[in-house]
Asker: 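Below you'll find the structure I mean.
Computed from a prediction, not measured in an experiment: that's the story for all the values here. The figures that follow rest on heavy atoms only: side chains count, while hydrogens, waters and symmetry mates do not. When a residue number appears, it is its place in the shown sequence, counting from 1.
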Amino acid sequence: MQLIHRPRRLRASDSLRKMVSETVLNISDFIYPIFVKEGNAVKEEISSMPGQYRYSLDTLETEIAEIVCLGIPALLLFGLSDHKDENGTSSAAENSIVNQAIRLIKATAPSITVITDVCVCAYTSHGHCGIVENGIVVNDKSLEILANMALSHARAGADIVAPSAMMDGQVKAIRTVLDSNGFQHVSIMGYSAKFYSACYG
């Protein structure tokens, strides 16, 4: 008796289907941007980004509640300080507007992942991402203030810090300071994925 071997029909596994299917985005994939500033009863639209607002702390809680209801798992905090100087010193202050917002969010919605933007451009009088001397951005001095800013965010309760200052060595400097202060669990998110995304435009 001769055995006839018939070819088996292969069924695509779930993982294979995902590999060859179109990109699918779910609400669990999104990070919501939040812009905070000092003041009271502030909810001002950002003219260059219709539908996005700057919030003071007293109006932020309502927005956080809506984000929770929508099921968005994470947010990215950007701060706008009233105090600006040459070295952006308020960026690392314990009671900076971002640190106050972190504490409020964690008290209101502890399950939300809080990511913070780490850059001093909103805290410097000249608007650059680092310390400027004689018209030149000084990279190594800027690393120190960026690392201190990230550390202050971690102390306030941030889950992830996201350096965007484009300084050489900023990730290493931040990781070193976080680890040496017991914040090994705080992650660092690179902006490369954001800059590469078509959504960034």
Asker: Check the surroundings of atom CD in Glu94: do more than 12 heavy atoms from other residues, nucleotides or ligands lie under 6.0 Å from it?
Answerer: no
Asker: About how many Å separate CG of Asp168 and CG of Asp140, when rounded to the nearest 0.5 Å?
Answerer: 9.0 Å
Asker: Would you say Val132 and Met166 are hydrophobically clustered, going by side-chain heavy atoms of ILVMFWY under 4.5 Å?
Answerer: no
Asker: Given 3.5 Å as the limit, does a donor-acceptor pair link the side chain of Glu86 with the main chain of Ser125, or not?
Answerer: no
Asker: Could you list the residues that satisfy salt bridge (charged side-chain N to carboxylate O under 4.0 Å, His left out) with Lys172, not counting sequence neighbours?
Answerer: none
Asker: With sequence neighbours excluded, tell me which residues meet side chain to side chain donor-acceptor pair (under 3.5 Å) with Asn95.
Answerer: Arg103
Asker: If you round to the nearest 0.5 Å, how far is CD1 of Ile72 from CD1 of Ile112?
Answerer: 8.5 Å
Asker: Can you get from Ile46 to Ile67 by hopping between Ile, Leu, Val, Met, Phe, Trp and Tyr side chains that sit under 4.5 Å apart?
Answerer: no
Asker: Within the 4.5 Å heavy-atom criterion, are Lys106 and Thr108 side-chain neighbours or not?
Answerer: no
Asker: Can you tell me if Ser164 and Asp117 form a side-chain donor-acceptor pair at under 3.5 Å?
Answerer: yes
Asker: How about CD on Glu61, more than 12 heavy atoms from neighbouring residues, nucleotides or ligands closer than 6.0 Å, or not?
Answerer: no
Asker: Taking a hydrophobic cluster as the set of Ile, Leu, Val, Met, Phe, Trp and Tyr residues connected by side-chain heavy atoms closer than 4.5 Å, whether directly or through intermediates, do Ile27 and Ile115 fall within one such cluster?
Answerer: no
Asker: If I take atom CD1 from residue Ile97 and atom OG from residue Ser56, how far apart are they, to the nearest 0.5 angstrom?
Answerer: 7.5 Å
Asker: Please set out all donor-acceptor pairs under 3.5 angstrom arising from side-chain atoms of residues 28-35, sequence neighbours excluded.
Answerer:
unit_1, atom_1, unit_2, atom_2, d
Asp29, OD2, Asn26, N, 2.8
Tyr32, OH, Glu63, OE2, 3.4

Asker: Can you name the residues that form a salt bridge (charged side-chain N to carboxylate O under 4.0 Å, His left out) with Glu44, not counting sequence neighbours?
Answerer: Lys37, Arg54
Asker: Taking all non-hydrogen atoms of both residues into account, name the closest pair between Gly79 and Ala122 and its distance.
Answerer: O-CB, 3.2 Å
Asker: Short question: side chain of Thr124, backbone of Gly88 - any donor-acceptor pair under 3.5 Å?
Answerer: no
Asker: Go through the structure and list residues passing salt bridge (charged side-chain N to carboxylate O under 4.0 Å, His left out) with Lys43, not counting sequence neighbours.
Answerer: none
Asker: So how far is it from Ile174 CD1 to Ile188 CD1, rounded to the nearest 0.5 Å?
Answerer: 5.5 Å
Asker: Please name the pair of heavy atoms, one in Leu143 and one in Ala173, separated by the smallest distance, quoted to 0.1 Å.
Answerer: CB-CB, 4.1 Å
Asker: Name each donor-acceptor pair under 3.5 Å that joins a side chain in residues 146-157 to protein atoms two or more places apart or in another chain, with its distance.
Answerer:
unit_1, atom_1, unit_2, atom_2, d
Asn148, ND2, Glu144, O, 3.3
Ser152, OG, Asn99, ND2, 3.4
Ser152, OG, Met149, O, 2.8
His153, ND1, Thr116, OG1, 2.8
Arg155, NH2, Asn181, OD1, 3.4

Asker: Same cluster or not: are Val114 and Leu104 linked, directly or through other Ile, Leu, Val, Met, Phe, Trp or Tyr residues, by side-chain heavy atoms under 4.5 angstrom apart?
Answerer: yes
Asker: I'd like to check Val42 versus Leu57 (side-chain heavy atoms, cut-off strictly below 4.5 Å). Are they in contact?
Answerer: no
Asker: Which heavy atom of Leu60 sits nearest a heavy atom of Ala101, and at what distance?
Answerer: CD2-CB, 4.0 Å
Asker: Mind checking salt bridge (charged side-chain N to carboxylate O under 4.0 Å, His left out) for Asp179 and listing every partner two or more places apart, or none if nothing turns up?
Answerer: Arg175
Asker: Is the backbone of Tyr55 close enough, under 3.5 Å, to the side chain of Thr59 for a donor and an acceptor to pair up by distance?
Answerer: no
Asker: Going by the ring-ring contact (aromatic ring centres under 6.0 Å, His included) test, which pairs reach into residues 110-144, not counting sequence neighbours?
Answerer: His126-His128
Asker: Tell me, please, which residues at least two apart from Thr176 pass side chain to side chain donor-acceptor pair (under 3.5 Å).
Answerer: none
Asker: Do you know which two heavy atoms are closest between Ile64 and Ala109, and how far apart they sit?
Answerer: CG2-CB, 3.9 Å
Asker: Sequence neighbours left out, what passes side chain to side chain donor-acceptor pair (under 3.5 Å) with Lys84? Give chain and number order.
Answerer: none
Asker: Do Leu77 and Met49 share a hydrophobic cluster (ILVMFWY, side-chain heavy atoms under 4.5 Å, transitive)?
Answerer: no
Asker: Can you tell me how far OG1 of Thr113 sits from CE of Met189, rounded to the nearest 0.5 angstrom?
Answerer: 11.5 Å
Asker: I want to check something: taking the side chain as every heavy atom from C-beta on, are Leu75 and Ile105 in contact at a cut-off of under 4.5 Å?
Answerer: yes
Asker: So which pairs with a foot in residues 155-183 pass ring-ring contact (aromatic ring centres under 6.0 Å, His included), sequence neighbours left out?
Answerer: Phe183-His185
Asker: Holding to side chain to side chain donor-acceptor pair (under 3.5 Å), I want the full list of residues that pass it with Glu133, two or more places apart in sequence or in another chain.
Answerer: Lys141
Asker: With rounding to the nearest 0.5 angstrom, report the CD to SG distance, Gln170 to Cys129.
Answerer: 9.0 Å
Asker: Backbone N or O of Ile136 within a donor-acceptor pair of the Asn134 side chain at under 3.5 Å?
Answerer: no
